[in-house]
There are 2 protein chains.
Amino acid sequence: MSETIQPAIILVRPQLGENIGKAARAMLNFGLTDMRLVAPRDGWPNPAAGPAASGADVILDNAKVFDTVEAAIADCTTVYASTVRDRDMPKPVVTPRVCSAEMHAAIARSERPAILFGPERSGLSNDDVALADTVLTVPVNPEFGSLNLAQAVILLAYEFSQAVDKTTPIQPAHPDGAAPKSEFLGLIEHLEAALEGRGFFRSEDRRATQKRMLQNLFHSAGWSTQEIHTMRGIIRSLTRDGQGE
Amino acid sequence: MSETIQPAIILVRPQLGENIGKAARAMLNFGLTDMRLVAPRDGWPNPAAGPAASGADVILDNAKVFDTVEAAIADCTTVYASTVRDRDMPKPVVTPRVCSAEMHAAIARSERPAILFGPERSGLSNDDVALADTVLTVPVNPEFGSLNLAQAVILLAYEFSQAVDKTTPIQPAHPDGAAPKSEFLGLIEHLEAALEGRGFFRSEDRRATQKRMLQNLFHSAGWSTQEIHTMRGIIRSLTRDGQGE
């Protein structure tokens, strides 16, 4: 039901087939599938699109082609125009993150949002933007704002996917778990005994400090059981008679 | 001071000059300037990079070239490897959003973080990844994860910029402000009088409902003073004697 509604990604008068292909790839990377083309300059299908899609052919094969923006947005409820604000166009302006949140909310109401992306060279015309509810502007470097079509699409697709992404933001080094403290303590004891035998703890004064340093060194390492075994092998190897220092 | 430190964006054994140029453009779009190249396949400088940078030549001109990853990361404190997790590599894995937050925190401590991006075809080798502290993985569509080099760079650069971006997430349609309620009320009064004259309110029963509908219609429009003037001009035009309906 509502979860199968996808935002329509509408490329308005796109020029190069290669860029249509790259936009398709960017979409599929983040699970977007509803591509629409308004009056593509070189017709459709375009042989340059497939290779640039790098395997996202399913998006191109299912792309719908329209003569006008009006026809492309006919079944949509809210339309965003990807462009920079024009002071003469009285539209609210949102960031990709807000646009994504709004689109997910719309889809949850069984509505279909759409985003218009303009031609590579000129961007959306004022007549295109006038058909939109809201302007969508990526906050770029004010001294170098030069997003190409596929980059604009991928940033939006990424944000749309991030809004519902369930990836654990920080995954530990050892998915099967770090070693239990008993193993760390065993390692430290092993090392202390080895160092004791070699006269590492020269003065009784510094012994407590040095042992604390060893504790900090090893507990902060976050090693796995395997890595602790490796360290103990290293200690055994270094303390073997007739070898080492 | 610390605010001038930039994360190092390190392209490891990049193959095509075009992709180096696109990565430079992606970096500058979001204000990143420290590009480093490790053993670029076709040497450096590469004549294909400039055109693809679309004006971000300053990044290419200042790119530093190294023979090894070790040399490229020598002055960095924390190194992220942009790749997917390899079960055999015991590294924590973070999302671009977490990586960005961590990098800003490192820079605030005057540290210099770095991110390694691998060659287009093969990605980073296990030896490259072993030099990193942490793996950075973009959560892509599990059925189609096909990010190219410049796309991976732009997503990271975008997140790094978003973490400190001050853009107002929703800007109103009228930066100079919507019209005050007095002007909306004046418009509604004007319209009611015009409709009254034309017999729009046919029954006394429905008059209250219809007037409430007019209030809702106009207060929700969020128009500017100029737009209210335009609406009043429309009403005057439609009620002019001998014209209109």
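Chain letters run A, B, ... following the sequence lines, proteins first and then strands; every chain starts at 1.
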Please state whether the side chain, the backbone, both or neither of B/Glu159 comes within less than 4.5 Å of a heavy atom of chain A. side chain
May I ask you to name which of B/Gly55, B/Pro139, B/Ala56 has the most heavy-atom pairs under 4.5 Å with chain A? B/Pro139
Taking side chain as everything from C-beta outward and backbone as N, CA, C, O, which of these in B/Ala157 sits under 4.5 Å from a heavy atom of chain A? Side chain, backbone, both or neither. neither
Do you know which of B/Asn148, B/Thr168, B/Thr137 has the most heavy-atom pairs under 4.5 Å to chain A? B/Asn148
Top contributor to chain B interface from A/Val138, A/Asp165, A/Leu147, A/Thr167 [non-hydrogen pairs under 4.5 Å]: A/Leu147
Tell me whether A/Arg25 contacts the main-chain N or O of B/Ser146 through its side chain, where contact means a donor paired with an acceptor under 3.5 Å. yes
Above 12 or not: heavy atoms from other molecules or residues under 6.0 Å from CD of A/Glu143? no
Side chain, backbone, both or neither: which part of B/Phe30 has an atom under 4.5 Å from a heavy atom of chain A? both
Heavy-atom side-chain proximity of B/Gln162 to A/Pro96 below 4.5 angstrom: no
A/Gln171 and B/Pro92, any side-chain heavy atoms less than 4.5 Å apart: no
Among A/Val94, A/Leu155, A/Asn141, single out the residue with the greatest number of heavy-atom pairs under 4.5 Å to chain B. A/Asn141
Can you tell which part of A/Thr134 gets under 4.5 Å to a heavy atom of chain B, answering side chain, backbone, both or neither? neither
Could you check which of B/His174, B/Gln226, B/Glu227, B/Gln151 has the highest count of heavy-atom pairs closer than 4.5 Å to chain A? B/Gln151
Relative to chain A, which segment of B/Ala53 carries a heavy atom at a distance below 4.5 Å: side chain, backbone, both, or neither? backbone
When the 4.5 angstrom heavy-atom criterion is applied to B/Ser224 and chain A, the contacting part is neither
Contact between B/Val58 and A/Phe144 at the side-chain level, heavy atoms closer than 4.5 Å - yes or no? no
State whether the side chain of A/Asn29 and the backbone N or O of B/Val140 hold a donor-acceptor pair below 3.5 Å, judged by distance alone. no
Against chain A, label B/Lys22 side chain, backbone, both or neither, depending on which of its atoms sit under 4.5 Å from a heavy atom there. both
With B/Ile170, which of A/Val93, A/Thr95, A/Val98 fulfils side-chain contact (heavy atoms from CB on, under 4.5 Å)? A/Val98
Which atoms of B/Val135 come close to chain A, meaning under 4.5 Å heavy atom to heavy atom: side chain ones, backbone ones, both, or neither? neither
